[in-house]
Amino acid sequence: MSALHRVIGFAVVAIFALGWVWGLGARITRRDPGEAFWTWLTVAQVTAGAQAILGTILLLAGHRVEAAGVLGGTLHYIYGYLPLLLFVFAHVVAREGSARMIGIDRPIRSWVPFAWVSFISFGLTLRALMTGLGM
């Protein structure tokens, strides 16, 4: 793994951790997370996208992740790209204002899908980082 890809990997995990903790704090205090949350969202998406682009470049350059298990290093790529798809899904849910498409038929605040996606993406990217580091 290139040093830059590794550093950005740690940053992505930290950024996603910040997002779900922020969302949890907003839920506990029963307040909206504020305008800065939307800045966080932009940073999170751009950083995750940059990491995916860098990973794709490394993959095309012949670098491969070797890992034990049935899928081996393939999980690294799945865990790395899936957060991007989840953010697209979160945008759709937030724009609609409800989560009817997943069976929740009540209004939701626009920030909630992003906090949930951040929680899921934290786990995915942490596992991608661990796989990339050979853990």
Side-chain angles (χ1 to χ4, degrees):
M1 180 185 331
S2 81
L4 179 60
H5 193 57
R6 182 179 300 123
V7 168
I8 296 174
F10 279 104
V12 168
V13 172
I15 288 168
F16 286 147
L18 175 63
W20 75 261
V21 169
W22 198 337
L24 180 62
R27 173 73 172 126
I28 290 170
T29 61
R30 298 177 187 240
R31 297 180 183 189
D32 281 346
E35 287 299 314
F37 182 82
W38 301 107
T39 303
W40 162 83
L41 177 61
T42 302
V43 169
Q45 292 175 124
V46 168
T47 307
Q51 179 71 327
I53 290 169
L54 181 57
T56 302
I57 291 168
L58 289 170
L59 184 64
L60 294 174
H63 297 272
R64 301 286 184 269
V65 174
E66 301 295 329
V70 177
L71 294 175
T74 305
L75 287 177
H76 179 78
Y77 310 116
I78 294 169
Y79 294 150
Y81 289 117
L82 193 54
L84 301 176
L85 296 175
L86 291 173
F87 272 112
V88 170
F89 177 74
H91 278 280
V92 171
V93 171
R95 186 178 309 121
E96 187 175 312
S98 76
R100 274 186 233 123
M101 65 180 62
I102 59 171
I104 301 171
D105 193 21
R106 63 184 172 91
I108 58 169
R109 295 185 176 138
S110 59
W111 60 268
V112 171
F114 299 108
W116 275 108
V117 164
S118 182
F119 175 70
I120 296 166
S121 296
F122 166 75
L124 291 171
T125 56
L126 179 60
R127 188 62 189 121
L129 181 63
M130 291 169 61
T131 305
L133 293 173
M135 302 171 106

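Note that the numbering runs from 1 along the sequence shown for the chain.
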**Student:** Any side-chain to backbone donor/acceptor pair from Trp40 onto Ile15? Under 3.5 Å, distance only.
**Tutor:** yes
**Student:** Check whether any side-chain heavy atom of Thr39 sits under 4.5 Å from a side-chain heavy atom of Glu35, and report yes or no.
**Tutor:** no
**Student:** Can you name the closest pair of heavy atoms from Ala48 and Phe16 and give their distance?
**Tutor:**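 Between these two residues, the closest heavy atoms are CB-CZ, 4.0 Å.
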**Student:** If you apply the rule side-chain contact (heavy atoms from CB on, under 4.5 Å), what do you find for Trp38 with Ser110, and how did you get there?
**Tutor:** CA-CA 10 Å; Trp38 301 107; Ser110 59; 3.5 Å; yes
**Student:** What pair of heavy atoms forms the shortest contact from Leu129 to Arg6, and how long is it?
**Tutor:**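 Looking at all heavy atoms of both residues, the shortest contact is CD1-O, 4.3 Å.
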**Student:** Can you name the nearest heavy-atom pair linking Trp111 to Arg31, along with the distance?
**Tutor:** CZ2-O, 4.1 Å
**Student:** What's the separation between atom OG1 in Thr56 and atom CD in Gln51, rounded to the nearest 0.5 Å?
**Tutor:** 10.0 Å
**Student:** Check for me, please, whether Ile28 and Trp22 land in the same ILVMFWY cluster - side-chain distances under 4.5 Å, paths through other members count.
**Tutor:**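 Same cluster: Ile28 reaches Trp22 through Ile, Leu, Val, Met, Phe, Trp or Tyr contacts under 4.5 Å.
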**Student:** When rounded to the nearest 0.5 angstrom, what distance separates OG in Ser121 from CG in Leu82?
**Tutor:** 7.0 Å
**Student:** With clusters defined by side-chain heavy atoms of hydrophobic residues (ILVMFWY) lying less than 4.5 Å apart, directly or transitively, does Leu54 cluster with Phe10?
**Tutor:** yes
**Student:** Could you check if a side-chain atom of Thr125 sits within less than 4.5 angstrom of a side-chain atom of Tyr79, using non-hydrogen atoms only?
**Tutor:** no
**Student:** Would you give the length of the straight line joining atom CZ of Arg127 to atom CD1 of Ile78, rounded to the nearest 0.5 angstrom?
**Tutor:**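 That separation rounds to 12.0 Å.
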**Student:** Are Tyr81 and Ile53 linked, directly or through other ILVMFWY residues, by side chains that come within less than 4.5 angstrom of each other?
**Tutor:**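 No: no chain of side-chain contacts under 4.5 Å links Tyr81 to Ile53.
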**Student:** Using atom types as modelled and distance alone, determine if a side-chain donor or acceptor of Ser118 lies under 3.5 Å from a backbone N or O of Phe114.
**Tutor:** no
**Student:** If you look at every heavy atom in Ala128 and Gly80, which pair is closest and at what distance?
**Tutor:**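 That closest heavy-atom pairing would be CB-N, 4.1 Å.
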**Student:** Is the CZ atom of Phe37 crowded by more than 12 outside heavy atoms at less than 6.0 Å?
**Tutor:** yes
**Student:** Hey, quick one: are Leu124 and Leu24 part of the same hydrophobic cluster, counting side-chain heavy atoms closer than 4.5 Å, chains of contacts allowed?
**Tutor:** yes
**Student:** Please report the closest heavy-atom contact between Val93 and Pro113, naming both atoms and the distance.
**Tutor:** CG1-CG, 3.7 Å
**Student:** For Trp20 versus Ala115, what's the shortest heavy-atom pair and its separation?
**Tutor:** CB-O, 3.7 Å
**Student:** Establish whether Leu18 and Val21 are linked, either directly or via other cluster members, by ILVMFWY side-chain heavy-atom contacts under 4.5 Å.
**Tutor:** yes
